Amino acid sequence: MEIPTFVLASASNSRRRLLESVGINPVVLPSDFDESQVQLTDAGELVQILARRKAETVAKVLIANRNLLPSLPRYEGTKPKSTVVLGCDSVLAIAGEIHGKPVDVAEAIARWQKMRGQVGKLYTGHALIALETEEIVVRCQVTEVYFAEISDREIAAYVDTGEPLQCAGCFAIEGKGGLFIEKIVGCHTNVIGLSLPLLRVMLQELGFEVTDFW
């Protein structure tokens, strides 16, 4: 049986690795959608709209260029029977304040000084499009993150690694940042970048089984 094509509309290596860890080998086509166009104070609504815009941007490119996927090295000489496009966006909310990726070292240090000893909520929006039918499913997953009470020295050393600058929550739980997280409540992979259990359900809503992609 021909394996459907899974397109990841994100440059996130963490999301790509999550998909690969469960047997999905995505074609990575990052979206160039300008996130600054969307300004909202509701974290759940924000991530869902951004995820949808990212997925739709890539889907439009693929619809306008039907030969793009077959021309990619992995799919040379084949024409995928069906294609899904996944867009994601994550933010961290602490005391109702929404945070994305820190812009620089100073912001990352200040963020951690505010986060330590606190409980944050990691919101990830997921938008999945079935390219052939253009049907779309949009969902949000929320995970509570309990941050350890760490010292200024630990914060400075962690930020100096550069890892927090690449993450919406200013930490990577699958990396060095995992040392400073006391516990999480909810979906673990959601904190990394996408909720695998939620993805399985979304695929089913579009008529797929996750095992179709193995």
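Just so it is clear, the structure is predicted and the values come from calculations on it, not from any experiment.
Side-chain contact between C140 and L198 is absent, with no heavy atoms from C-beta onward closer than 4.5 Å. For the pair E20 and N25, the minimum side-chain heavy-atom distance is below 4.5 Å. Taking 4.5 Å as the limit, every side-chain heavy atom of K60 sits out of range of all side-chain heavy atoms of I63. Using a 4.5 Å cut-off on side-chain heavy atoms (C-beta onward), L203 and F213 make contact.
Applying the 4.5 Å side-chain rule to ILVMFWY residues, one finds V119, V185 in the same cluster as Y146.
A distance of 7.0 Å separates CG in D42 from OH in Y123, rounded to the nearest 0.5 Å. Put simply, CG on L196 and OG on S21 are 6.0 Å apart, with the number rounded to the nearest 0.5 Å. Between E2 atom CD and D212 atom CG the span is 12.0 Å, to the nearest 0.5 Å. Interatomic distance, I24 CD1 to L8 CG, rounded to the nearest 0.5 Å: 10.0 Å. In this structure, CD1 on I184 lies 13.0 Å from CD on E182, to the nearest 0.5 angstrom. Taking CG of L199 as the start and CG of N190 as the end, the distance is 11.5 Å to the nearest 0.5 Å.
Among pairs with a residue in residues 12-65, none fulfils ring pair (Phe, Tyr, Trp, His ring centres under 6.0 Å), at least two apart in sequence or across chains. Applying the side-chain hydrogen bond (donor to acceptor under 3.5 Å, both in side chains) test to every pair with at least one member in residues 168-181, sequence neighbours left out, gives these pairs: S14-E174. Within the structure, side-chain hydrogen bond (donor to acceptor under 3.5 Å, both in side chains) contacts touching residues 161-171 (residues at least two apart or in different chains) are Y158-E163.
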Side-chain donor-acceptor pairs under 3.5 Å in residues 84-96, sequence neighbours left out?
residue: D89; atom: OD1; partner: K54; partner atom: NZ; Å: 2.8
residue: S90; atom: OG; partner: R15; partner atom: NH2; Å: 3.2
residue: S90; atom: OG; partner: T124; partner atom: OG1; Å: 2.8

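By the side chain to side chain donor-acceptor pair (under 3.5 Å) test, Q204 pairs with E209, sequence neighbours left out. Looking at residues two or more places apart in sequence or on another chain, you find no salt bridge (charged side-chain N to carboxylate O under 4.0 Å, His left out) involving E154. E56 is linked by a side chain to side chain contact (heavy atoms under 4.5 Å, CB included) to R52, R53, I129, I136, counting only residues two or more places apart in sequence or in another chain. Listed by chain and number, the residues in a side chain to side chain contact (heavy atoms under 4.5 Å, CB included) with V137 are R139, M202, E205, L206 (sequence neighbours excluded). With sequence neighbours excluded, the residues that form a side chain to side chain contact (heavy atoms under 4.5 Å, CB included) with T133 are A130, E135. Scanning for side chain to side chain contact (heavy atoms under 4.5 Å, CB included) contacts around D152 gives Q113, R116, I155, with sequence neighbours left out. For F171, the ring pair (Phe, Tyr, Trp, His ring centres under 6.0 Å) test picks out F147, with sequence neighbours left out.
Residues L179 and I173 are members of one and the same hydrophobic cluster, defined by side-chain heavy-atom contacts under 4.5 angstrom among Ile, Leu, Val, Met, Phe, Trp and Tyr. Connection of F6 to V201 is not established within any shared hydrophobic cluster, with ILVMFWY side chains joined at heavy-atom distances below 4.5 Å, either directly or through further cluster members.
Between the side chain of W214 and the backbone N or O of I3 there is no donor-acceptor pair closer than 3.5 Å. Remark: side-chain polar atoms of T143 are paired, donor with acceptor, to backbone N or O of C187 under 3.5 angstrom.
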Any chance you could lay out the side-chain contact (heavy atoms from CB on, under 4.5 Å) test for T83 and E132, step after step, and finish with the verdict?
CA-CA 7 Å; T83 303; E132 280 64 36; 4.0 Å; yes
Could you go step by step and tell me if V61 and L29 meet the side-chain contact (heavy atoms from CB on, under 4.5 Å) rule?
CA-CA 10 Å; V61 171; L29 295 176; over 6 Å; no
Give the intermediate values and the outcome of side-chain contact (heavy atoms from CB on, under 4.5 Å) for residues M115 and C170.
CA-CA 10 Å; M115 295 192 312; C170 206; 4.1 Å; yes
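Partner of S195 under the side-chain hydrogen bond (donor to acceptor under 3.5 Å, both in side chains) criterion, out of Q141, H188, H126: Q141 alone.
The minimum heavy-atom distance linking R111 with G169 is given by the pair NH1-C, 4.2 Å. Nearest heavy-atom pair across S10 and V28 is O-CG1, 3.2 Å. Pairing each heavy atom of S82 with each of F208, the nearest pair is OG-CE2, 3.6 Å. Residues P102 and C167 come closest through the heavy atom pair CD-O, 3.5 Å. Residue A55 comes nearest to A9 through the heavy atom pair CA-CB, 4.4 Å, listed as atom of the first residue, atom of the second, then distance.
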